[in-house]
Q: 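Have a look at this one.
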Amino acid sequence: MEGLLSSIKDILGDTAKPTPIQALTLKNLFHRTTRDEQLGQYRISTTTNPGIWRQYLLASETGSGKSIAYLLPMLQYLKQTELDQEQKRNPKPPLPSHLLHPRGLVLAPTHELSRQLSKFAKSLLHNIKLRVLCTSQANAGSSTGRSGRKETARKLKEDLSALIYGTDGAITNADDGEFEIRPRKSRRSADIVVGTPMKALEMVRGWGWDKVEERNMPENSSQFGGRQFYAGKPEMGLSEVEYVVIDEADVLFDKDFREATRLLLSDISAARGHPLPPSTTTAPQHTNYPFHLILTSATIPWSLANHLDTHHPNLTRLVSPNLHRLPQTLRTEHVGWTGGNRDADVVKRIKRVWAEDALRGPDAHGRRQKSKILVFCNKSTRVDALSAYLKEHGVDNVALSGTSGERRHGSNHHLDGFLNSSRERIPAASPGSTQIVLSSGEKKRVEEPHVLITTSLLSRGLDFAPSVRHVFVVDSPRNMIDFLHRAGRSGRAGNQGKVVVFGKLRGRGSSVAKDVRRKVGALVM
Ligand SMILES: Nc1ncnc2c1ncn2[C@@H]1O[C@H](COP(=O)(O)OP(=O)(O)OP(=O)(O)O)[C@@H](O)[C@H]1O
């Protein structure tokens with residue numbers, strides 16, 4: 001579709017070529033007639049015959065462009081079906097107007113990833129208009145406390161109501177790029193909803209749907225003043241959903257997410273008039289969903305492979321040749337602890353990276369170079385301790401783990417400067433700095449933090465900026481799947497990157513680091 005192609009060119013430049021996984025998707029998900037070829041066009045099958053809904057797995061290494069590989073067919077399909085429907089001049093019966101009725105769903109494991117994906121989808125839609133809503137604001141988790149939750153829920157409610165009922169032409173949430181101008185008269189729903197499965201279920205079944213039974217049990221009711229507990233009102237209907245993408249499928253089908261993901265798929269099927277038969281057997285049994293389904297992942301652990309063999313035996317697997325390998329542009333270095341203070345070793349290494357940057361001199365635009373560094377720890381407590389130590393020693397940083405307060409705000413602003421975003425360009429004259437106004441009125445530029453410390457929370461799917469040239473793995477990775485995702489936040493899309501793996505390389509206790517070194521070696525292409 002012309003409009004989509006020109007958006008891709010705007011984002012990637014005129015000379016970009018499809019990556020291997022994108023080439024596979026173009027070949028398998030799009031159909032080209034001779035006339036299409038002459039016109040240089042791709043089309044996607046728009047059949048709505050429930051017998052031929054398709055299921056695909058897109059699997060390729062980190063940073064290889066899977067988001068475009070699945071967004072393009074989905075967006076083109078949704079636009080094409082919309083145009084076909086308009087041509088038929090055969091309006092569908094009206095749907096309940098107080099609910100959102102998306103036609104596409106994109107599911108992701110974290111709200112940070114949901115936000116980045118919705119923003120990216122939006123940037124592909126400048127020329128073909130479809131509406132994208134990210135529902136992740138209120139999914140900050142119970143650990144955030146009641147007031148944070150109320151605030152984010154209130155904001156989402158406002159956004160939803162603006163989206164459903166219109167805002168008299170106002171621009172809603174324009175800073176986040178999530179919504180667009182929508183005159184009150186149009187009253188159209190979101191075409192695509194992006195969020196976590198839990199948040200999507202909450203919107204479909206009403207807030208607290210999963211607590212009703214437990215809260216109303218006689219032994220628990222006194223704890224809540226004996227009052228009957230009811231779930232909130234649903235905000236989303238699923239009967240129109242024709243396209244579902246499950247990003248980071250290995251996470252969304254792991255033990256923490258599996259139930260919610262499967263429940264949602266089953267709710268969509270039921271809402272579309274094809275309730276799934278109860279799954280009574282572990283023998284391979286193809287689940288015929290009444291919608292197109294794309295699963296994507298950079299890793300296929302045995303649990304996902306097992307799930308796919310059992311529930312999706314007919315799924316078409318599109319796999320890049322470099323799956324389960326580190327990107328070619330990512331170098332690996334193993335660094336030994338000195339035997340003293342490990343936090344001091346990390347500070348030393350960070351300063352060494354920046355000293356090497358300084359030696360390289362300015363970049364092609366005459367700007368001072370200073371790499372951004374992403375540090376992975378295994379636990380939140382370690383993130384906080386290392387962050388405090390680094391600050392004490394003059395290394396400003398952002399620390400983010402599952403329990404961090406910053407996650408409550410329902411945006412990715414806490415990650416500004418680290419994430420890749422076509423809209424978040426750093427001004428050329430002042431790389432990596434922000435202007436602040438002092439109480440005296442004087443304006444001053446302060447340097448943004450160049451170090452982000454986190455856990456595996458941010459290792460999944462997030463597209464970090466090319467300026468994130470170093471990933472530090474300071475705690476032994478729990479497994480190589482985890483390592484591939486952490487390391488893969490750098491060296492993306494052909495950019496150079498380096499992963500520095502810390503460990504005890506000599507003496508007693510060095511066997512763990514030696515084992516990690518051997519396994520990491522096997523991931524190098
Ligand atoms: N054909 C292309 N040419 C150049 N850059 C591309 C191309 N396709 C995508 N990119 C860029 O590559 C980067 C990584 O893409 P994306 O985030 O989709 O990777 P991914 O495969 O989903 O990674 P992960 O497994 O870590 O989620 C993005 O910045 C994207 O804009």
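Every number for a ligand or one of its atoms is a count from 1 in the order of the listing.
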Q: Give me the nearest non-hydrogen protein atom to atom 31 (O) of ligand 1 as residue plus atom name, then the distance to 0.1 Å.
A: Leu12 CD2, 3.6 Å
Q: Applying a 4.0 Å heavy-atom criterion (strictly less than), which segment of Ala298 is in contact with ligand 1: side chain, backbone, both, or neither?
A: side chain
Q: Among all the protein's non-hydrogen atoms, which is closest to atom 27 (O) of ligand 1, and how far away is it?
A: Gly461 CA, 3.1 Å
Q: Show me which atoms of ligand 1 lie under 4.0 Å from any heavy atom of Arg489.
A: 26 (O)
Q: Considering both backbone and side-chain atoms of Ser60, is one of its nitrogen or oxygen atoms within less than 3.5 Å of a nitrogen or oxygen in ligand 1?
A: no
Q: What protein heavy atom sits nearest atom 19 (O) of ligand 1, and how far off is it?
A: Gly65 N, 3.2 Å
Q: So which bit of Asn420 gets within less than 4.0 Å of ligand 1, heavy atoms only: side chain, backbone, both or neither?
A: side chain
Q: In the protein, what heavy atom is nearest to atom 11 (C) of ligand 1, and what distance, to one decimal place, separates them?
A: Ala493 CB, 3.7 Å
Q: Which of the listed options, Asp463, Leu113, Thr15, Leu462, holds the heavy atom that is closest to atom 30 (C) of ligand 1?
A: Asp463
Q: Identify the protein heavy atom lying closest to atom 23 (O) of ligand 1, giving its residue, its atom name and the separation to 0.1 Å.
A: Gly63 N, 2.8 Å
Q: Is a donor on one side and an acceptor on the other found under 3.5 Å between the side chain of Glu448 and the backbone of Gly417?
A: no
Q: Considering only non-hydrogen protein atoms, determine which one is nearest to atom 17 (O) of ligand 1 and report residue, atom name and distance to 0.1 Å.
A: Arg492 NH2, 3.0 Å
Q: Tell me, with the steps shown, if Ser456 and His485 meet side-chain hydrogen bond (donor to acceptor under 3.5 Å, both in side chains).
A: CA-CA 8 Å; Ser456 287; His485 287 279; over 6 Å; no
Q: Before accepting this row, confirm whether a basic side-chain N of the pair Lys199/Glu202 lies closer than 4.0 Å to the acidic partner's carboxylate O.
A: yes
Q: Would you check if the side chain of His126 reaches a backbone N or O of Ser6 as a donor-acceptor pair within less than 3.5 Å?
A: no
Q: Around atom 18 (O) of ligand 1, find the nearest protein heavy atom and jot down its residue, atom name and distance.
A: Ser67 OG, 2.7 Å
Q: Kindly identify the option in Gln22, Lys66, Lys17 whose heavy atom sits closest to atom 21 (O) of ligand 1.
A: Lys66
Q: Please determine if Arg103 and Asp191 form a salt bridge, counting it only when a charged side-chain N lies under 4.0 Å from a carboxylate O.
A: yes
Q: With a 4.0 Å cut-off, would you call Asp345 and Arg342 a salt bridge?
A: no
Q: Could you state the interatomic distance from CD1 (Ile294) to OH (Tyr70), rounded to the nearest 0.5 Å?
A: 9.5 Å
Q: Only one of Asp250, Asp482, Thr62 clears side-chain hydrogen bond (donor to acceptor under 3.5 Å, both in side chains) with Arg460; which?
A: Asp250
Q: Could you check whether Glu356 pairs with Arg360 (Lys NZ or Arg NE/NH1/NH2 to Asp/Glu carboxylate O, under 4.0 Å)?
A: no
Q: With heavy atoms only and a cut-off of under 4.0 Å, state how Glu248 meets ligand 1: side chain, backbone, both or neither.
A: side chain
Q: I need the minimum non-hydrogen distance between Ile373 and Trp354, along with the two atoms involved.
A: CD1-NE1, 3.9 Å
Q: Taking 4.0 angstrom as the limit and counting only heavy atoms of Ser64, give me the atoms of ligand 1 inside it, by number and element.
A: 19 (O), 20 (P), 21 (O)
